[in-house]
Amino acid sequence: SQTIHQWPATLVQPVGSPLSLECTVEGTSNPNLYWYRQAAGRGLQLLFYSVGIGQISSEVPQNLSASRPQDRQFILSSKKLLLSDSGFYLCAWRGQDLSFPDTQYFGPGTRLTVL
Amino acid sequence: QKEVEQDPGPLSVPEGAIVSLNCTYSNSAFQYFMWYRQYSRKGPELLMYTYSSGNKEDGRFTAQVDKSSKYISLFIRDSQPSDSATYLCASSIYNQGGKLIFGQGTELSVKP
């Protein structure tokens, strides 16, 4: 079965510091991967998605970047955090059952607080 | 206008009540519709999936899509305190990289 991991689970960082969040998927190969941010009481905002190694699409102009150095690894980064970067960051992979196109399965998330 | 609109609630019901959660969408190209359940401080989990207009039932949960009115519903029968969570509707368009458009989420509380 497939599992998705994210770390760290929680993070408190000062404004202006760098950021690196990691997501890994097990039990599947060549998945589409997604990074979302969820602000308090809000829905999910798609930040980046990737269809393969080195292939990143950005959905929203922002202070963040993403990379996919390996097939099942997806990294979210920032060189200098802003207060507005605080939120709950979720990684997801796209299911590969053709009977249910576009389903996504989420990791446990990373709660980021920028002070 | 957001592509998928959802009343954020909060919605509070007594245990055993029937719950109705709703979303509207504006893009007629949406083809796939999903409901996710998200417990506090956890990642969302897929609850229901529908492809076309009509109903889909799974235990106490029924998902309904009305493409003519662009309306998505989730019904929960015999609601339980363990159903207390935020429910997110999501839609997607075929062959768009699997990208989902989410509603804001409705916070549900089921009181014992």
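Below, chain A is the first sequence line, B the second, and so on; all start at residue 1.
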*asked:* When you measure from the side chain of Y49(B) to the backbone of D102(A), do you find a donor-acceptor pair of N or O atoms at a distance under 3.5 Å?
replied: no
_Connected via hydrophobic side-chain network under 4.5 Å: L83(A) and L64(A)_ = yes
*So which part of L44(A) gets closer than 4.5 Å to some heavy atom of chain B, the side chain, the backbone, both or neither?*
both
_Linked, directly or transitively: V51(A) and I56(A) (ILVMFWY side chains, under 4.5 Å)_ = yes
*chain A heavy atoms under 4.5 Å from I101(B): which part of the residue, side chain, backbone, both or neither?*
neither
*Name the region of F100(A), side chain, backbone, both or neither, that has any atom closer than 4.5 Å to a heavy atom of chain B.*
both
*Highest number of heavy-atom pairs under 4.5 Å with chain B: which of G109(A), P101(A), G107(A)?*
P101(A)
_Transitive ILVMFWY side-chain link I75(A) to L33(A), under 4.5 Å_ = no
*Could you look at P44(B) and say if it's the side chain, the backbone, both or neither that has a heavy atom under 4.5 Å from chain A?*
both
*Distance from K99(B) atom NZ to Q104(A) atom CD, nearest 0.5 Å?*
11.0 Å
*asked:* Test of understanding: clusters of I, L, V, M, F, W, Y form through side-chain heavy atoms closer than 4.5 Å, transitively. Do F75(B) and V19(B) belong to the same one?
replied: no
*Sort Q38(A) into side chain, backbone, both or neither according to what part of it lies under 4.5 angstrom from a heavy atom of chain B.*
side chain
*Approximate separation, where rounding is to 0.5 Å, of T103(A) OG1 and Y36(B) OH*: 6.0 Å
*asked:* With a sphere of 6.0 Å drawn around CZ of R77(B), does it hold more than 12 non-hydrogen atoms of other residues, nucleotides or ligands?
replied: yes
*How far does CG of L100(B) sit from OH of Y36(A), to the nearest 0.5 angstrom?*
4.5 Å
_Please classify the contact of L46(B) with chain A as side chain, backbone, both or neither, using a heavy-atom distance under 4.5 Å._
side chain
*Should Q38(B) and L90(A) count as side-chain neighbours, where that means a heavy-atom distance under 4.5 Å?*
yes
*State whether the number of non-hydrogen atoms from other residues, nucleotides or ligands found under 6.0 Å of K42(B) atom NZ is greater than 12.*
no
*According to a 4.5 Å side-chain heavy-atom criterion applied to Ile, Leu, Val, Met, Phe, Trp and Tyr, with indirect links allowed, do I93(B) and Y71(B) form part of one hydrophobic cluster?*
no
_chain A contact via Y51(B) - which portion, at a heavy-atom distance below 4.5 Å_ = neither
